[in-house]
Every structure is written in structure tokens, then in C-alpha cells.
Protein chains: 2
Amino acid sequence: MKPVNLKELARELNLSVSTVSRALRDSWEISTPTKQRVSDLARKMNFQPNPYASSLRKRHSRTIALVIPEIANNFFALAIKGIETVAREKGYHVLIYLTNEEVEEEIAIANSLQSGRVDGVIMSLCGSMQDTEHLLELQQRNLPLVFFDRVSETVAAPKVITNDYESGFIATEHLFHAGCRRIAHLTMSMDLSISQRRQQGYTDALTRYELSIHPERVIHSGRDESNTYQRIKALFLSEERPDGVFASVEKLAVLVYHICRELQLKIPDDIKVISFSNLLTASLLNPSLTTIAQPAYEMGREAAAILFRRLEKKTSEDRVMLPAALEVRQSTRAGS
Amino acid sequence: MKPVNLKELARELNLSVSTVSRALRDSWEISTPTKQRVSDLARKMNFQPNPYASSLRKRHSRTIALVIPEIANNFFALAIKGIETVAREKGYHVLIYLTNEEVEEEIAIANSLQSGRVDGVIMSLCGSMQDTEHLLELQQRNLPLVFFDRVSETVAAPKVITNDYESGFIATEHLFHAGCRRIAHLTMSMDLSISQRRQQGYTDALTRYELSIHPERVIHSGRDESNTYQRIKALFLSEERPDGVFASVEKLAVLVYHICRELQLKIPDDIKVISFSNLLTASLLNPSLTTIAQPAYEMGREAAAILFRRLEKKTSEDRVMLPAALEVRQSTRAGS
DNA sequence: CTGAAAGCGCTTACAG
DNA sequence: CTGAAAGCGCTTACAG
């Protein structure tokens, strides 16, 4: 069945294409009876305006892009849900792109977004992203850009984040008070040293501890997960074995659980574990996992709301910081 | 910065728009030196063809829609990843839509997809979907449609599924052999009775047990999760308390864990639990959860591959059934 | 090998 | 209140 277009509606109604178009958009220029006739027939013939024609003409697409590093992660899944919900309320469509934590993919995706395919972009950066050229180019195209969670401080765009620095500090203090003295931080940022990340203004679970006390204890993970497994395992077998682990993503906490099981290390007795995580099953793990949970859904909603405010040329916040919540469970229980 | 278009490139090069267009598409009609000049300038001016103009002209969009019932579920997250990966390899874009398990939203989304915005659709249906009109209308528009996991047997479209019926049987047998005699099946399909689902050809974790032995023991969940919690809890407190639970989605298994904790019921001693699930943490739960894991990522890839084969007018399978894997863990350990 | 022209299906400034 | 016309930025059949 060939889709019906304005021209056919017009012919059928003995009206001009312009009148039909205006009637469908409920223009004040059109008489009520005409509007009625037009909308009746449109419904009857199941008319659907071609979105590409109107996007071309109106020079916007009612489509946004969502670029995230991964998806099998409850935080991002919930954030997507928040974004999709707000977008659909506003009549917008959402294109999804996964970078798989790979810088090259993020750059390729950002470049392809320069084509005018979308009216705006919501992004969460790769862990190891230090390059900002692809982001700046997006802005040069006047494409509104909103960051969430993994943001770039050097690019001037609205950011929706949690109080990571503070949370990181709280988490580290929590481990300290539970008796930990050799704390290892596990992050997904493979390539960047702490000081580089600091310079780049890259925000993540940076902590005072990490920055000032034992930067050499930070293990950077990355795309090669088997390798990460080996590296953490080696650390746990070494003289340097930590008595506390702070994971910046749940994937790494899960890895630590598996490694501890393999090495027969007891959590929390031998090693205490805390993680940034939105795992629904945190309280059901053995032992239950102490987490810092981010309000993922709300962050998604907020990022989308800010983007749409920008698209409507309204002013919007430049920075929204939502509180993350420490949920203390068994994995950091103080020794007896 | 205003984006550059073909006309400006042509003016700059003293060529016609047609020639520039052809040169960029590497047409055999254009001389090599001209192609070189054109592509050099295009790169220099950062030319990006307007996708809406070419979609309008070519009458296809290199965009597909992905419609799924929920996202905070490892199965769907991994399936999305598979689909996005294949789509990007093929140069396609992916619009994502969440129905939130609501029939009305699924219908509204399907209807909006009739506009020609996408070249094809990949869908996983709401648990309680029995209506198929919106799906048939999509097909009447000649929009290629591929189902995965939650499929409609009455709509003639390719389906990517796992051997649910067989897996359900195996799971039920497994519970039986572990000593269960009062097995409750938990599903997300709120509105449909088993026989209705059978009639509709709706495929899910239907089992021989469910169909033939104790259909009255099936608890249908739905969007109101607190209510589901209460209903399961009531069941567990009743005379009818099951000694085995088979959950068709991990969300329900997690609910059961929480309820058992609240009621101080021991898994697996008082109740054994098995679930369709792709939870990464299944083996880390307390007790570890026996699962039937679906090859989610592969199912996503397969669904996308079939859709693209259809878009390229090649023939494709009508039905791909991948094996799910029973992973026996502590939650179904036989009593001593 | 290159160009002029038509057209994809809309929207909207202009005219009446 | 309605219509004719131009144009959004491409692609492609036709002509040379």
C-alpha cells in the first residue's frame, strides 16, 4: 500500500496542497468546515506526513542523538529510559549510538552527527576520552550538546552529574573507617593518569585519596576485560594486596567478587568492596554490596529536559548536580 | 557555522551540482581528476550530505526502529547492543522506542512508524499483547518487520527466538527432579490467560507443566510492581505456598528473593527458584540463582542481520531458534 | 565526461 | 479564507 501524500488529499478534496497542509497544522487562516473536511479525509486515508520532507523544509528533525559508552549497565539503561520518556513526551525521536568505550568510535559517531541528522545530542563520554575536537566541531555546527555523568569540563556545554568527587571522598572515608589502609581504586579509564584526567577536567570517581595519597594504586581497566581480570588478580596475589577496593563501575566490582571467589579471599574480611553502582541485585549478592547509587533515571530526564529547553531557545541550567546515595551493606562491614 | 551544501561546493569548483553529487558517490561517469578535486574540497569544507534531502529523494532513510518493552533488563540491553553493532556496520541508524510493557504505547509507537521514518522495524512485544492490528498495518505499508524473543505467531514476519517451550519444560523438570511438587510460574503477561496466549500463538516461557497440569498456579504480573509483590507474598503466605518458582523474567526472580528474605523463607530449602535471566550477577547472588540464559547479544545480531537481508531484497530465514542454556546453581539445590 | 531540469513531499511568504 | 509558486538539498533520467 503506497502511502498517501498531501497532493492526493488535495485532489480528493478539490483543494490546493497549501490549504490542506495548513488545515492539518490547524492554521488560523483556514475555515473550520475546511479543517473538518481535511482532517476527516486524512484520518480516513490514514495520511501520515512524510517526516523527511518536513524536516528538509523546516530544517529540523525532531530527533536527538544519544551517545553512550555501554548499555549492559543498569545506570545507562535507566538513563536511556529517562531520556526516551521525556523525548517521547515532547514528540522527539531518539537515535541511539554505543561507543563501546572506544575513543575512535565516539569520534566517528560525533562526526557523523554533523550532517544535520539530529537537532541535539546527549552524550556520556568514553572513560578514556581526552580529545575534545569532535565535541567542539559539533558545537561549531550549532548543535546543542548536553553531557551526563561522564562529562568534559573543557567543553562548554550543560552537564548533568552526580557529586562524584564528594561521593568518592565519602566512599574512601567509609573504607578507611571500616579499617582499610591499602585502598585500590578501579576505574574504566585505561589511558589516562590521574593527573592527566585532572588537567583535562575529566570528572569521574576522583577522590581526594586517589589524587593525593596513593595515585599509584589506581588500576585502570579498559576494553580488554580478560586482561583487567588478570591485572586485578595479580594485584591481589602480590605483596601489595589491598584491603579495600573502590570500583567506579559495577562491572569491576563484579570482577572483584569473582576474583575473590577464585582466590578464596573473603569479602569483607580480607578485602572490603564498595562500588558506584545501580545494580538491582546489590542487596542480594553474597555478601551484599555496599554501593554509591546514582539517580540514573532522573539524570536521564534532567539531561533531556535541559536539551529540550535549549532547543526551544529557553535558557537552562549549565550544570545540574544530583546527589548520589551511599548504601552501606555487608561488603564493607568492619572486622570484629 | 552554516553547513556547506552541494551548491556551494559546485560554485567553488565551477562544476554543476549534478557532477559534484555524482563525484561524491564515486560514479563511473565522472573522471578521476574531477572526483579528486571534488573529494578534496568536500573534505576541506567538511561537507556532510543532508540525510533528510537524500532520504526524501531516495525514498529510504537508512534508519530502523527498535521497539522493546523495557530496558533495565540485561537481556534487552544485550540485544540492543547486538542490533546497534550490526546496524552501524551496515551504515544504518537506530531509533529506540520503549513501550514500558504498555499495550497502548506499543500501538501508538507502531502507528507513528507508518510515516516512512524508518526502513524497517525490529520488535519485541509487550507481555500482554494480543492485538495485532497495529502490526498488520505496518506490514501493509510494506515495512519489513522482524520479531525477537516476544513474538506474535499470528503475524507473518521473521522471528528470532529461543527454544522457550523446551527450556520451560526443562526448567520445570529440573524443579521436579529437585523435589518440587507445587510449582508456581511467574510471568509478566498480566492480561492473558494461558489458553488465550496459546490461541494467540503468543510465545514466551510456556511450558508443558503450565499448560497441562496446574494452569491456576500461574501468577501474571504486570506494570504495577508493588501489587505483584503483594500478590506473590500473599501466595507465599497461603496454604498454597509453592515449593518451586519458575520466573519468566529476572525482575520477578529478584522480587521472589526479596519476598523470601522478608518472610524468612530459605532458598532453596523452603522454595527453589529458577529464572529466565541474563543477570551477570546470577552466580554471585545469595544463594546463586539457577538460570536459563538466552543468547541475547546473538539474538540481537541475528534479528538485525535478517532485517538487513530483507532490506537488501535477499531472502532470509523465517524463523531462527537459538538455544538457551540451563545453568544450575544453588537456588534449586535438592534438599538433603 | 558534464550539465540542465525535474522531482522527492512538504512549508510558507506572497498575492488576492 | 484559499491558491500559485518557490524552495529545502539532494538524486537521477535525459540530453549532449
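Basis for what follows: all heavy atoms, side chains included, without hydrogens, waters or symmetry-related copies. Naming convention: chains lettered A, B, ... in sequence-line order (proteins, then strands); numbering from 1 in each chain. Not measured: the values here are computed from a predicted model.
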Taking atom [atom2] of [N] as reference, at what distance in whole Å does atom [atom1] of [X] sit?
| X | N | atom1 | atom2 | value |
| --- | --- | --- | --- | --- |
| A/E29 | D/dT2 | CD | P | 10 Å |
| B/R59 | D/dC10 | CZ | P | 19 Å |
| B/R117 | C/dC8 | CZ | P | 21 Å |
| A/N50 | D/dC8 | CG | P | 18 Å |
| A/L6 | D/dC8 | CG | P | 19 Å |
| A/K58 | C/dG9 | NZ | C1' | 13 Å |
| B/E8 | D/dG9 | CD | P | 8 Å |
| A/L13 | D/dG3 | CG | C1' | 15 Å |

field: Nearest listed nucleotide, side chain of A/L56, among C/dG9, C/dC8, C/dT2
entry: C/dG9
query: From C/dT2, D/dC10, C/dG9, pick the nucleotide closest to the side chain of B/A53?
result: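 Per side-chain heavy atoms of B/A53, the pick is D/dC10.
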Within the structure, does a side-chain N or O atom of [X] lie under 4.0 Å from either OP1 or OP2 of [N]?
| X | N | value |
| --- | --- | --- |
| A/S21 | C/dC10 | no |
| A/S55 | C/dC10 | no |
| A/S31 | D/dT2 | yes |
| A/S54 | C/dG9 | no |
| B/S16 | C/dA4 | no |

task: Output, in order, the C-alpha distance, side-chain angles, deciding distance and verdict of side chain to side chain contact (heavy atoms under 4.5 Å, CB included) for A/V67 and A/I122.
output: CA-CA 6 Å; A/V67 185; A/I122 298 178; over 6 Å; no
message: Below 30° counts as parallel, above 60° as perpendicular, anything between as tilted: where do the rings of A/F308 and A/Y92 land?
response: tilted
query: If we ignore angles and hydrogens, is there a donor and acceptor under 3.5 Å between the side chains of A/H93 and B/R117?
result: yes
- prompt: C/dA4 base to B/S18 side chain: any donor-acceptor pair below 3.5 Å?
  reply: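 In this structure, the two groups form a donor-acceptor pair.
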Polar side-chain contact A/R22-D/dG3 base: donor and acceptor under 3.5 Å: yes
Evaluation steps, side chain to side chain donor-acceptor pair (under 3.5 Å), between A/S16 and A/T19: CA-CA 5 Å; A/S16 73; A/T19 301; 3.0 Å; yes
query: Can you tell me the Watson-Crick or wobble partner of C/dC14, both distances under 3.5 angstrom?
result: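 Partner of C/dC14: D/dG3.
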message: With side chain to side chain donor-acceptor pair (under 3.5 Å) as the criterion, how do A/E70 and A/N100 come out once you've worked through the C-alpha distance, each side chain's angles and the decisive distance to 0.1 Å?
response: CA-CA 5 Å; A/E70 58 170 330; A/N100 299 308; over 6 Å; no
